[in-house]
Amino acid sequence: MTKTQTLAASFAAALKTTRLARQLSQEALAQKAGLSVSYISMLEREQRTPPLDTIEQLAKALKVTPLDLLRAA
């Protein structure tokens, strides 16, 4: 994470990078995580910041640790 990059920006970038690396669409990730497609989209565009339980849901769906989604992409 750069000095000017926020945790929210790091999360958004890591979420999208990880999703694409797993070759998942936003729709597929939403289904696996039990979330809406629009919410996934808002997370990736930094329009929403998720609570910790949502980070855990997404990490489980992506088969990574929650910390992987909080590190700079």
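All heavy atoms count here, side chains included; hydrogens, waters and symmetry mates do not.
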Novice: For atom CG of L20, decide whether the heavy atoms of other residues, nucleotides or ligands shown that lie under 6.0 angstrom number more than 12.
Specialist: yes

Novice: Is Q57 atom CD crowded by more than 12 heavy atoms from other residues, nucleotides or ligands, each under 6.0 Å away?
Specialist: yes

Novice: Looking only at heavy atoms, which two atoms of P66 and A59 are closest? And how far apart?
Specialist: N-CB, 3.6 Å

Novice: Got a second to check how far L7's CG is from R71's CZ, nearest 0.5 Å?
Specialist: 12.0 Å

Novice: So, do L15 and L29 sit near enough that their side-chain heavy atoms are less than 4.5 Å apart?
Specialist: yes

Novice: Looking at Q26 and E44, what are the two nearest heavy atoms and their distance?
Specialist: NE2-OE1, 2.8 Å

Novice: What are the two closest heavy atoms between L43 and R48, and how far apart are they?
Specialist: CD2-O, 3.6 Å

Novice: Determine whether the side chains of R45 and S41 contain a donor N or O and an acceptor N or O closer than 3.5 Å.
Specialist: yes

Novice: Which pair of heavy atoms, one from F11 and one from L58, lies closest together, and at what distance?
Specialist: CZ-CD1, 3.9 Å

Novice: Please give me the minimum heavy-atom distance between P50 and I55, naming the atom from each residue.
Specialist: CG-CG1, 3.6 Å

Novice: First locate atom CD of E46, then atom NZ of K16, and finally report the distance between them rounded to the nearest 0.5 Å.
Specialist: 11.0 Å

Novice: Going by heavy atoms in the side chains, are R22 and V64 under 4.5 Å from each other?
Specialist: yes

Novice: Between Y39 and T49, what is the shortest heavy-atom contact and its length?
Specialist: OH-O, 4.3 Å

Novice: Going by heavy atoms in the side chains, are D68 and T18 under 4.5 Å from each other?
Specialist: no

